[in-house]
There are 2 protein chains.
Amino acid sequence: MSSVPGWANVDERRNLPPALAVSTVILGIRRDPEGGPGKLCLPLVRRIRQPHAGSWALPGGPVGSRESLGQAAGRTLAETTGLHPSYLEQLYTFGDTDRSPTHRLVTIAYFALVNIEEVGTRVPDENVAWFDVDDPQIAEMAFDHRKIVDYALWRLANKTEYGQIAHRLLGERFTLAQLRLVYEAILGKELDPANFRRQLNNTASIEATDEYLAGGKHRPPRLYRYLGHGPDPMEVDTSK
Amino acid sequence: MSSVPGWANVDERRNLPPALAVSTVILGIRRDPEGGPGKLCLPLVRRIRQPHAGSWALPGGPVGSRESLGQAAGRTLAETTGLHPSYLEQLYTFGDTDRSPTHRLVTIAYFALVNIEEVGTRVPDENVAWFDVDDPQIAEMAFDHRKIVDYALWRLANKTEYGQIAHRLLGERFTLAQLRLVYEAILGKELDPANFRRQLNNTASIEATDEYLAGGKHRPPRLYRYLGHGPDPMEVDTSK
DNA sequence: GTCGTTAGAGTCATTCTGACATTAACTGGA
DNA sequence: TCCAGTTAATGTCAGAATGACTCTAACGAC
């Protein structure tokens, strides 16, 4: 077991308590102006301090002693990006001993979704930026954060219940075409509009309203809304 | 915010670092001698020290400074119960501020499966015991451990991929009837043997061997084996 | 009005599912 | 040895779900 130059010796930090932090992968869909399939994207913050100064990292920070883990995730997200996500779910806890070169770091990662209207907005300064998830600029990230993002994408694709997820990404009312674009962005393939409509009508998780989306060039589509019911008992309440 | 008698004042522990621990929900299936549907059960340890002395708790313990979280879960499980599970997956991290009356406690909960042959065995002393998950004796448990068990059961029932789970509960070779009993125990309902066989043949996740289970009174059933491939990239490697 | 576009409903062949019947292979007792 | 009883494994069939496709309705642009 050799000592790496510039790294604290492992034995020196043997009896230090581990640092507890939260990080949040917050995904949104970037609209395609031409109406094509949207792309999943997320905000990242540039690290100011060592280690990994200058690299892009997930928004997050240390856990306060009098806040729950979910509260810490929401607080640090608001402080660094100004975003208040409508969906927050614990993703995974990363605690390998070599995650940070300077100390033992245990990070509880959270997974959030942001309404499509807020994507790209609320950027407080040049140290916060939105990236498409497949942007080559973020092929490498600070710490093991790229691994965290990849796991969040895997979890999203393997969700059995997309209903509430799509609803969180879109907001209160949405058209079936918008909803279909969300599913297509997550699944990475095109879906037949007619069959998509039929399947949603069978599962009674969304409801037609008597409103229509005005302003388009063509026939106005009907607006739908999601009938709540979260199946995961561990979803974080962000209603406050 | 009043002070509870016998509890440390919240302000007194404000600046103490949080204690990091792991706990493991390790589920097995208890065979029904009459061949009926098996029952999910798990080993628990009786707490010796305060708080919650005398109550049943999940096996676990503090995280060492030079071990990963998964290693800590496997080590504490072996130390307290002698079990070496073949499947170990991170479940959830519990970090509410009121989990323990004496200090801020953050627990990374793990979820393990034990082979049916080991259920009820390896009980080192009277402070370790196996319980059916619906045993009224464990309707209440130490800390928030009952909540952790319930969440593990929810996750198990909501898994999309039962293949590898069933395989971990049963061992290397198994008959289709045994596999069906595992599915029935998890899903809580009976399945048609013929349709069950047909579905498994379509998904090529198990393979027929040319061996048969001898010793029964009737026609010997063919043995099958599971073709590996874990879909969850965060499953813990217990092969060491 | 017509044309182009999108919303939304309908058609049909294929596949999947649940329920049930049938045949095969073994043990134990008459 | 033959038969009854039990379990393993396969087959059948109607109804449901699915994928690919067509058809009609409703809008704006011209």
Side-chain angles (χ1 to χ4, degrees), chain A residues 31-38 116 160-163 166 170-171 173-226, chain B residues 31-38 116 160-163 166 170-171 173-226:
Chain A
R31 274 209 178 92
D32 182 356
E34 280 83 44
I116 194 168
T160 51
E161 261 290 345
Y162 290 125
L170 287 173
R173 316 238 149 167
F174 46 85
T175 71
L176 287 185
Q178 290 172 339
L179 187 60
R180 182 167 47 83
L181 289 177
V182 171
Y183 276 69
E184 289 176 348
I186 294 175
L187 296 172
K189 65 176 179 183
E190 294 197 348
L191 300 173
D192 183 284
N195 297 334
F196 183 73
R197 171 187 308 274
R198 181 180 52 192
Q199 285 184 322
L200 286 181
N201 283 341
N202 290 347
T203 74
S205 62
I206 65 166
E207 187 185 58
T209 70
D210 49 4
E211 298 171 59
Y212 293 83
L213 181 63
K217 294 183 189 174
H218 308 293
R219 172 176 170 175
R222 184 187 286 265
L223 288 170
Y224 291 78
R225 65 193 188 85
Y226 178 67
Chain B
R31 274 209 178 91
D32 182 356
E34 281 83 42
I116 193 166
T160 51
E161 260 290 343
Y162 289 125
L170 287 174
R173 315 239 151 168
F174 46 85
T175 71
L176 287 184
Q178 290 171 339
L179 187 59
R180 181 167 47 83
L181 289 177
V182 171
Y183 275 68
E184 288 176 348
I186 294 174
L187 296 172
K189 64 176 179 182
E190 295 197 347
L191 300 173
D192 183 286
N195 299 332
F196 183 73
R197 171 185 309 273
R198 181 179 53 193
Q199 285 184 322
L200 285 180
N201 284 342
N202 290 347
T203 74
S205 61
I206 66 167
E207 187 185 57
T209 70
D210 49 4
E211 299 171 63
Y212 294 82
L213 183 63
K217 294 182 188 173
H218 309 292
R219 172 175 171 176
R222 184 187 284 267
L223 288 170
Y224 290 78
R225 65 191 188 86
Y226 179 66

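Here is how names work: the chains are called A, B, and so on, in the same order as the sequence lines, proteins then strands, and each is numbered from 1. In this text the structure is predicted, and so the values were computed from the model without any measurement.
In this structure, A/Glu211 atom CD and C/dA7 atom C1' are separated by 17 Å, rounded to whole Å. Per the geometry, CG belonging to B/Asn201 stands 15 Å off C1' belonging to C/dC16, to the nearest Å. Look at CZ on A/Phe196: it is 18 Å from P on C/dT6, rounded to the nearest Å.
Note that CG of A/Leu176 and CG of A/Leu181 are 11.0 Å apart. Values are rounded to the nearest 0.5 Å. To the nearest 0.5 Å, atom OH of residue A/Tyr226 and atom CG of residue A/Leu179 are 10.5 Å apart.
Taking 4.5 Å as the limit, every side-chain heavy atom of B/Leu200 sits out of range of all side-chain heavy atoms of B/Tyr224.
Closest of all the heavy-atom pairs between A/Pro221 and A/Thr175 is CG-CG2, 3.6 Å.
Remark: B/Arg198 pairs with no residue by the salt bridge (Lys or Arg N to Asp or Glu O under 4.0 Å) rule, at least two apart or across chains. Every residue meeting the side-chain contact (heavy atoms from CB on, under 4.5 Å) condition with B/Arg180, not counting sequence neighbours, appears here in chain and number order: B/Ala177, B/Glu184, B/Leu191, B/Pro193, B/Phe196. For A/Arg197, there are no side chain to side chain donor-acceptor pair (under 3.5 Å) partners two or more places apart in sequence or in a different chain.
Sorted by first and then second residue, the salt bridge (charged side-chain N to carboxylate O under 4.0 Å, His left out) pairs with a member in residues 205-219 of chain B read B/Arg173-B/Glu211, B/Glu207-B/Arg225; sequence neighbours excluded.
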Could you run down nucleotides 17-26 of chain C 5' to 3' and tag each one B, S or - for protein heavy-atom contact under 4.0 Å? BBBB---BBS
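Extent of DNA chain D lying under 4.0 Å from chain B heavy atoms, first and last nucleotide in 5' to 3' order, is D/dG5 to D/dT12.
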